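Taking it in order: structure first as structure tokens, then the write-up.
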Amino acid sequence: MVIPCLHNWSMTYPEAAALQRQLAAEVTLVNRLPQPVRLVAGVDVSYQPHGELFFAGVVVLERPGLRVVEEASARGRVEFPYVPGFLSFRELPVVIEAFRNLNRVPDAILVDGQGIAHPRRLGVASHLGLWLGLPTVGCAKSRLCGEYEPPGPARGDRQPLQLGGEQVGVVLTTRDRVKPLFISPGHLVDIDTAAQLTLECCGRYRMPEPTRLAHHLTNRLRKEYLAEMASEE
DNA sequence: GCGACAG
DNA sequence: ATCTTGTCGC
């Protein structure tokens with residue numbers, strides 16, 4: 001399969017995988033979060049099941065209090081199919097465009113998807129962190145790879161997520177009696193800090209506020225667009 | 001060869 | 001990811 005990449009290249013599957021391994025070598029798990037973390041951003045992407053139009057949104061919240069201080073978005077066409085393990089090639093171009101429309105520089109970014117909990121240690125959160133040079137955390141709703149024991153049902157309960165004999169993240173219960181999230185460092189954060197920050201950003205819902213609000217933003221944009229299309233025949 | 005497989 | 005109503009439980 002030929003894989004068009006972030007840089008308009010065309011690559012075969014093994015070439016794209018090799019690029020991921022090369023980039024993964026640049027990922028740092030040394031904590032570079034400021035003390036305290038004031039601005040936390042959430043990112044998400046929305047699109048039609050068979051549509052080619054993507055909507056990306058970034059929402060920046062200020063802590064403590066988790067108040068929204070800025071939003072940015074972008075829309076774009078996507079030329080890459082969903083291939084497990086290559087999500088970043090599909091979503092990052094429009095996400096990066098959304099960040100170009102953002103004025104503030106967040107202290108940390110929460111991403112919908114995996115960080116290093118990835119077959120080649122380069123989930124979408126890690127790829128984005130490298131690209132932006134900012135701390136990122138992967139907050140996925142389900143597992144891509146790795147083994148784990150189910151965590152307890154209470155908020156804060158967690159179990160290590162292991163891959164190839166090493167821990168790549170945690171399976172974290174973010175609210176009482178909800179399905180756990182799969183948390184892994186993207187870039188410039190360690191595993192424990194990634195889990196702690198995620199938990200601190202979770203209010204009344206399973207998903208942390210930043211990505212939850214980003215999801216709402218992109219969904220709103222997509223539906224507004226669809227409504228506008230409908231009104232113009 | 002067979003199953004697994006973020007969004 | 002997204003399509004969808006009601007419904008069970010705190």
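As the structure is a computational prediction, the values presented were derived from the model and not from experiment. Here is the naming used below: chain letters follow the sequence lines, and residue numbers restart at 1 for every chain.
Ion pairing of A:Glu52 with A:Arg77 is present here, as a side-chain N (NZ or NE/NH1/NH2) and a carboxylate O approach within less than 4.0 Å. The pair A:Arg104-A:Glu62 fails the salt-bridge criterion, with no side-chain N (NZ, NE, NH1 or NH2) lying under 4.0 Å from an Asp/Glu carboxylate O.
Contact check, A:Asn219 against C:dT2: a side-chain N or O comes under 4.0 Å of OP1 or OP2. For C:dA1, one of the phosphate oxygens OP1 or OP2 lies less than 4.0 angstrom from a side-chain nitrogen or oxygen of A:Lys141.
For the pair A:Arg120 and A:Phe86, the cation-pi test (distance below 6.0 Å, angle within 45°) is passed.
Note that OG1 of A:Thr173 and CZ of A:Arg175 are 12.0 Å apart. Values are rounded to the nearest 0.5 Å. With rounding to the nearest 0.5 angstrom, the CG atom of A:Leu39 is 10.0 Å from the CZ atom of A:Arg63. Remark: A:Leu128 CG to A:Thr136 OG1 distance equals 6.0 Å, nearest 0.5 Å. With values rounded to the nearest 0.5 angstrom, A:Leu122 atom CG is found 5.5 Å from A:Gln20 atom CD. Rounding to the nearest 0.5 Å gives a distance of 8.5 Å between CG of A:Leu53 and CD of A:Gln48.
Nucleotides of DNA chain B lying under 4.0 Å from heavy atoms of chain A occupy a range whose first and last members, 5' to 3', are B:dA4 to B:dG7.
Side-chain heavy atoms closer than 4.5 Å link hydrophobic residues (I, L, V, M, F, W, Y) into clusters, and following such links, possibly through other members, connects A:Leu92 to A:Leu87.
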Protein heavy-atom contacts under 4.0 Å, written 5' to 3' over nucleotides 5-10 of chain C as B (base), S (sugar-phosphate only) or - (none), form the string -----S

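When the P atom of C:dA1 is taken as reference, atom CG of A:Leu53 falls 17 Å away, rounded to whole Å. Separating the OH atom of A:Tyr82 from the C1' atom of C:dA1 is a distance of 10 Å, rounded to the nearest angstrom.
The strand DNA chain C forms no stems, meaning no runs of 3 or more Watson-Crick or G-U wobble pairs with distances below 3.5 Å.
Within the nucleic acid shown, A:Arg175 has no heavy atom closer than 4.0 Å to any nucleic acid atom. Using a 4.0 Å heavy-atom distance criterion, A:Gly85 is classed as a base contact.
Closest approach of A:Asn101 to A:Ala74, counting heavy atoms only: ND2-CB, 4.1 Å.
Atom CZ of A:Arg155 sits in a crowded spot, with more than 12 heavy atoms from other residues, nucleotides or ligands closer than 6.0 Å.
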